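Please read all numbers here as calculations on a predicted model, not as lab measurements. So that the names make sense, note that chain A is the first sequence line, chain B the second, and so on, each numbered from 1.
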Amino acid sequence: MRYSEMFIPTVREVPSDAEIVSHQLMIRAGLIRKLTSGIYSFLPLGLKVIRKVEQIVREEMNRSGAQEVFLPAVQPAELWQESGRWKMYGKELLRFKDRHNREYCIGPTHEEVITDLVRNEVKTYRQLPKNLYQIQTKFRDEIRPRFGVMRCREFSMKDAYSFDADWEGVDVSYQKMFDAYSTIFTRCGLKFRAVEADTGNIGGSFSHEFMVIADSGEDALVFCSVCEYAANIEKAEVAKPEKIPIDPAPLPVMEIVHTPDVRTIEEVSAFLRVTPQDIVKTLVFEADGTPVAVLVRGDEEVNEAKLRGYLGCDALELATDDTVLKVTGSPKGFAGPVGIKARTIADYSLMNRVHMVTGANREDYHATNVNMGRDFTVKEFADLRMVKETDTCPRCKNPLNFARGIEVGHTFKLGTKYSKQMRATFLDSNGQEKEMVMGCYGIGIGRTVAACIEQNNDTKGIIWPMFIAPYHVILTPVNVKDPLIMEAALKLYQRLTDDAIEVILDDRDERAGVKFNDADLIGIPLRVTIGHKRLSEGKVELKIRKTGEEKVFTIEDALEFIRRTVRE
RNA sequence: CGGGGCGUAGCGCAGCUUGGUAGCGCGCCUGCUUUGGGAGCAGGAUGUCGGAGGUUCAAAUCCUCUCGCCCCGACCA
């Protein structure tokens with residue numbers, strides 16, 4: 001297309017409210033514009049990239065045997081009440097009423113709708129398995145949208161849902177999606193990693209996140225330096241230590257010490273001259289309204305996602321001051337396991353500790369020489385803490401690496417959570433009614449584009465991988481008023497277009513510098529400069545955006561080179 | 001929701017403390033020159049100073065309310 005006719009509003013200055021490169025560059029290169037908080041318009045160049053990613057997604061989904069559908073964005077409250085998520089989902093679910101005062105929401109995800117569809121149509125095991133997907137606009141009323149299209153409220157997502165007759169079936173469906181995702185992100189030119197993940201409020205038993213490795217990523221990841229183990233930090237396991245038998249009898253007896261106004265781990269360790277490792281951190285949580293005390297070594301942090309998983313609860317938060325008072329008999333800062341009135345779970349980090357320091361469950365007092373099995377007993381031990389740099393791989397004990405990542409895809413083995421709740425059943429070969437076993441699989445389209453920019457840019461702008469570049473080539477006639485130059489440019493343009501190569505002809509009456517800078521900014525992989533110097537020898541210059549490499553070609557050789565490079 | 005910041009020309013900002021002519025850079029328009037890495041000169045257009053109310057002879061500036069946006073935190077498939 002001719003640049004002069006296109007709508008590519010580039011901007012020279014870095015937008016002041018854009019924090020990360022991809023957001024800055026998407027605005028600067030004229031891919032997106034913000035309408036309102038967390039809601040963006042895609043401009044022609046941005047849309048072209050989106051369509052390319054969608055195309056790759058469609059091809060791979062279809063190849064895996066999934067079929068495309070298109071579900072409604074507006075969904076009735078009844079379905080969400082049926083699944084139980086009308087209450088569970090919270091404020092992120094955008095709800096509204098129609099003129100008849102009936103309640104609706106704008107779909108943040110489509111488990112309810114798809115389950116409803118499938119339960120109405122699928123009656124027998126002969127119709128299974130099925131995998132249906134769509135690419136659709138979702139809305140999640142994020143508390144704080146940020147980073148442009150990376151974390152916005154309205155966004156496009158590919159979501160797929162698999163329905164199987166049994167657990168062996170869902171394993172197959174899940175693996176197909178996992179493989180399709182790997183292919184998709186590879187084709188998008190991304191460096192990514194699939195990690196084990198927490199299932200959050202979607203639920204289910206098993207899940208992977210596809211993470212694009214980037215320092216600006218919002219998630220922290222852990223992966224083994226040797227084996228295949230990789231996990232979101234929320235999920236990352238800590239190996240259970242060996243139990244060493246300890247006879248507490250000969251140890252010094254527990255003492256109650258006056259510790260006025262000494263509450264935090266730092267204060268206690270300074271006041272009593274002990275290390276944080278000697279202290280037991282006692283945290284009181286409320287899990288679905290019931291108080292639970294969690295014990296962890298003073299230098300460790302409780303991982304709430306793990307705790308939620310262990311307890312199998314929906315709502316989990318740190319207890320209020322009132323609850324702490326009720327459970328411990330003292331204000332916050334003096335809780336301890338001795339005599340606490342709540343279910344008590346200890347992290348593995350306390351397993352072999354002796355003569356510990358704990359809160360005394362009495363204001364301004366701590367206890368020392370506290371020993372498990374003598375001064376208090378713990379029935380439950382579990383892995384509840386955050387991993388840290390000094391931990392080793394839970395599978396093979398080799399060192400762990402830490403990185404940050406952008407979640408571009410998420411796969412869940414849902415099991416029967418929705419089919420049970422919404423009675424999506426079928427008759428098996430014995431005539432028995434059974435619940436379908438489901439999986440669900442998402443890819444954030446816009447986020448994938450942003451992540452790609454995050455990984456492929458330099459000080460001049462975006463560097464698109466060829467597969468998702470909005471155009472393959474940009475032709476830059478240095479002076480549009482020179483008839484010879486324009487003639488050559490138009491001829492090249494025609495030849496390339498005939499070969500189905502996507503090309504921009506920068507026919508703007510601008511100085512060469514302006515054109516070069518725009519070409520670099522919008523990141524077109526190949527640029528052909530047509531100027532009088534080379535043209536007088538029948539040649540043109542070809543510059544590769546990624547490497548900065550410049551080649552001088554005859555027009556025929558340039559055509560050949562472009563064809564080859566684009567097809568690779 | 002808590003803490004902080006910002007709304008002035010299309011964009012980026014100054015002016016506000018101490019009330020009195022609304023300004024700068026970029027962009028835009030016209031003309032001439034220039035034409036291989038964001039040109040030069042000359043001329044020009046553009047504002048409900050986010051909105052409402054108040055104080056005042058007079059408000060971008062002071063006061064009250066309100067809306068929007070951004071950052072940090074909590075939150076989050």
- With nearest nucleotides of RNA chain B determined for A:E234 and A:P15 from heavy-atom distances, which residue corresponds to the more 5′ nucleotide? A:P15
- Message: Heavy-atom nearest nucleotide on RNA chain B for A:R144 versus A:K138: which residue maps closer to 5'?
- Response: A:R144
Expressed in whole Å, how much space separates the [atom1] atoms belonging to [N] and [M]?
N	M	atom1	answer
B:U34	B:C41	C1'	11 Å
B:C13	B:G5	C1'	16 Å
B:C67	B:C24	C1'	29 Å
B:G12	B:U48	P	16 Å
B:A60	B:U21	P	8 Å
B:U17	B:C62	P	5 Å
B:U55	B:G19	C1'	11 Å
B:G27	B:A39	C1'	15 Å

- Message: Considering every strand and a 4.0 Å limit on heavy-atom distances, what is the contact class for A:E209: base, sugar-phosphate, or nothing?
- Response: nothing
- Message: Students often get this wrong, so: under 4.0 angstrom with heavy atoms, is A:P108 touching a base, only sugar-phosphate, or nothing?
- Response: base
- Message: Below the 4.0 Å mark, does B:G68 have OP1 or OP2 next to a side-chain nitrogen or oxygen of A:T36?
- Response: no
- Query: When syn is taken as a glycosidic angle within 90 degrees of 0, is B:U46 syn or anti?
  - Reply: anti
- Task: Would you verify whether the NZ or CZ of A:R95 falls within 45 degrees of the ring axis of A:W80 while also being under 6.0 Å from that six-membered ring's centre?
- Result: no
- Tell me, please, whether A:F155 has A:K138 positioned over its six-membered ring: NZ or CZ under 6.0 Å from the ring centre and within 45 degrees of its axis? no
Nearest-angstrom distance from the residue atom [atom1] of [X] to [atom2] of [N]:
X	N	atom1	atom2	result
A:M150	B:C71	CE	P	13 Å
A:D141	B:C75	CG	P	17 Å
A:I143	B:C70	CD1	C1'	17 Å
A:I39	B:G68	CD1	P	12 Å
A:K34	B:C6	NZ	P	17 Å
A:D17	B:G7	CG	P	14 Å
A:E304	B:A74	CD	C1'	11 Å
A:I27	B:C11	CD1	C1'	12 Å

Geometric class of the [Y]/[X] ring pair [parallel <30°, tilted 30-60°, perpendicular >60°]:
X	Y	value
A:Y174	A:H208	tilted
A:F412	A:H410	parallel
A:Y104	A:F96	parallel

Who is the Watson-Crick or G-U wobble partner of [N], with both distances under 3.5 Å?
N	result
B:G19	none
B:C75	none
B:C6	B:G68
B:A39	B:U33
B:U46	none
B:G25	B:C11

- Query: If you measure from the Lys or Arg side-chain nitrogens to the Asp or Glu carboxylate oxygens, is any gap between A:K413 and A:D171 under 4.0 Å?
  - Reply: yes
- Kindly indicate whether the side chain of A:D198, heavy atoms from C-beta on, has any atom under 4.5 Å from the side chain of A:E209. no
- Going 5' to 3' through nucleotides 35-49 of chain B, assign each nucleotide B (protein heavy atom under 4.0 Å from a base atom), S (under 4.0 Å only from sugar-phosphate atoms) or - (no protein heavy atom that close). BBBBB----------
Which atom pairs, one a donor and one an acceptor, fall under 3.5 Å between side chains of residues 142-149 of chain A and the rest of the protein, sequence neighbours left out?
residue	atom	partner	partner atom	Å
A:E142	OE1	A:R151	NE	3.4

- Message: Quick check on A:K539: does its NZ atom have over 12 non-hydrogen neighbours (other residues, nucleotides or ligands) under 6.0 Å away?
- Response: no
